[in-house]
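Inspection log for the structure reproduced underneath, given as structure tokens.
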Amino acid sequence: MEVAENTLIKPTVLLVDDEENILKSLRRTLRRSQVEIVTATSGRDALYIMENTEIDLIISDMRMPEMSGAEFLAEAARLYPNTIRILLTGYADLESTIAAVNEGRISRYLNKPWNDDEIRQVVEENLRSKLLEVRNQQLSEELVQKNQQLEILNASLEEKVAERTEGLKQANRAISQGYEHMVMLASSIAAMRDESVANAASVKAAMAEEIARQLNMPDEEVSAVHDAALLSDLGKMGFTDQMLRTPYSQYNKDQLQLFKQYPLMGEAALLGVPQLFMAGVYIRNQFERFDGSGFPDKLTADSIPLGSRVLSVVRDFIDLRMGKYTGTEYAEKQAESEIIRFSGSRYDPQIVTLFSSVYQQFSTDRLREHEQLVKSADLQPGMILSRHLLSSKGMVLLKKGFELNQAVIGKVVNLEQTSGENLDVYIEKGATSV
């Protein structure tokens, strides 16, 4: 016997934006998702709706009159802490983003213009717990019905009940797995500014975790080391595109000062997430040096948190492999030699020894292999953008995944000539159409 569809309650999504056209567009985007949608054109209207309607997930614009997205989400977090909160904004504002993370405890950060498939995926992933609750309700009702038919189903019923019970157990286990999405949230924020970070982060995290285990660190500290390695570049969100492309050794005085602030900004971005407190400490102290010449606190030797000492070795190895220090990508052995050269001054000698014994377990040959930076003069029809093509002011000119043709290439070349600025055109490797 099937359960009637009217017994299932769809999750409710609240869309908040002061522009009606944006609300209509978002509603169209989510039409295929199994959710009920309500809308509000201000934070105050949204709070009034939440007084009378149970809301499961909020998607709010950042910049709105009277009450900003960060202020609204902070108030929503205080009044309705179980509601999932997602921030949608069309500008890169580090202070507002950190405020939203700390005060509004958002579950995801998305940029305008958005990708329809990405928004649907984010909503469905963040509502997984609610959808599983609905599924649990359905499974429970089916289980009751099967028990009522016990005399008729006899021997076959036991097997079906066992199957349903196992399904309930699996659903309950899935509901309890909510912590990982917080780490993915912060990691995705960092990737919005520098996509190469996302490609290397998983390798860096796995390598750091293995070293932490071999140091016999407690399980909770091992997890914090893994998360810190995954989020170590979060503070770089305040860097300009030019600074992200510039090797560390070529920074001017102002850029170097900003660079020294990014571990502190990374820690600050995680202050509102208690589970990531220790990871934030490791991120803050990742540039401390064993001899006390590092920053920001001039810590020495064992006074530097052990997780930070692990992170500094793994981070520098990956950055050397990717050419972030000098602009030249080091071979594995060359990068290892550089780490060993500074053992006892920059790095903890014990960790350097462990690193040398484990790093070859992890492949670092494909950190940038998926894309290449191509000059406009070398562009060819059929090439596919691996990143959004941005103007010097950050405006999206062409979206990621766009296939170039001769007419568009001509416009790109002409734009460079008239503006006097070179555009960064990232192309997928091996993805040229025929």
Side-chain angles (χ1 to χ4, degrees), residues 10-19 22-23 26-27 29-30 33 35-64 66-112 114-115 118-133 175 177-190 192 231 234 237 268-276:
K10 294 181 179 179
T12 302
V13 174
L14 172 60
L15 308 177
V16 187
D17 198 297
D18 59 319
E19 298 184 38
I22 297 295
L23 293 175
L26 285 170
R27 181 185 287 273
T29 298
L30 295 176
S33 300
V35 296
E36 298 289 347
I37 297 175
V38 292
T39 61
T41 56
S42 71
R44 300 195 183 282
D45 289 347
L47 290 172
Y48 177 78
I49 290 173
M50 296 181 75
E51 290 180 3
N52 303 283
T53 305
E54 182 176 349
I55 301 298
D56 298 293
L57 183 145
I58 302 168
I59 299 178
S60 174
D61 187 26
M62 170 62 82
R63 182 170 288 180
M64 296 185 294
E66 296 184 12
M67 178 181 286
S68 70
E71 293 170 336
F72 162 61
L73 291 174
E75 184 67 8
R78 185 181 70 82
L79 296 173
Y80 311 98
N82 294 327
T83 301
I84 299 166
R85 294 166 291 280
I86 295 175
L87 183 67
L88 183 67
T89 183
Y91 64 98
D93 185 332
L94 183 60
E95 285 189 17
S96 298
T97 301
I98 291 176
V101 171
N102 289 339
E103 300 170 13
R105 299 194 295 278
I106 64 170
S107 298
R108 188 66 187 261
Y109 174 98
L110 294 174
N111 268 338
K112 294 179 181 177
W114 64 81
N115 177 283
E118 181 184 11
I119 281 218
R120 282 192 289 268
Q121 181 181 355
V122 167
V123 168
E124 291 167 6
E125 285 179 354
N126 281 276
L127 288 177
R128 182 178 295 131
S129 295
K130 181 66 176 181
L131 295 170
L132 285 170
E133 288 176 8
I175 291 174
Q177 295 171 351
Y179 164 71
E180 290 82 358
H181 90 279
M182 289 185 293
V183 178
M184 297 310 298
L185 150 71
S187 182
S188 67
I189 292 175
M192 289 178 187
L231 305 174
L234 182 60
M237 279 193 61
L270 302 180
L271 289 178
V273 187
Q275 296 94 329
L276 294 175

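Every heavy atom of this structure was used, including side-chain atoms; hydrogens, water molecules and symmetry mates were not.
The salt bridge (Lys or Arg N to Asp or Glu O under 4.0 Å) contacts involving residues 47-57 comprise Asp56-Lys130, where partners must be two or more places apart or lie in separate chains.
Residues satisfying the side-chain hydrogen bond (donor to acceptor under 3.5 Å, both in side chains) criterion with Gln121, sequence neighbours excluded, are Glu125. Residues forming a side-chain hydrogen bond (donor to acceptor under 3.5 Å, both in side chains) with Thr53 (at least two apart in sequence, or on another chain): none. Shown here are the side-chain hydrogen bond (donor to acceptor under 3.5 Å, both in side chains) partners of Thr12, two or more places apart in sequence or in another chain: there are none. A search for side-chain hydrogen bond (donor to acceptor under 3.5 Å, both in side chains) contacts involving Thr29 returns Asp116, not counting sequence neighbours. Thr83 is linked by a side-chain contact (heavy atoms from CB on, under 4.5 Å) to Met50, Ile55, Ile58, Tyr80, Arg85, counting only residues two or more places apart in sequence or in another chain. Under the rule for a salt bridge (Lys or Arg N to Asp or Glu O under 4.0 Å), the partners of Arg120 that lie at least two apart in sequence or sit in another chain are Asp117.
One finds the OG atom of Ser42 at 8.5 Å from the CG atom of Leu47 (value rounded to the nearest 0.5 Å). Separation of atoms CG (Leu57) and CD (Glu124) is listed at 11.0 Å; rounding is to 0.5 Å. Rounded to the nearest 0.5 angstrom, Arg63 CZ and Glu19 CD are separated by 11.5 Å.
With Thr41 as the partner, the side chain to side chain contact (heavy atoms under 4.5 Å, CB included) test is satisfied by one option alone out of Val16, Ile22, Leu15, Leu23: Leu23.
Using a 4.5 Å heavy-atom cutoff, the side chains of Leu231 and Leu276 are in contact. Between Ile59 and Leu110 the shortest side-chain heavy-atom distance does not fall below 4.5 Å.
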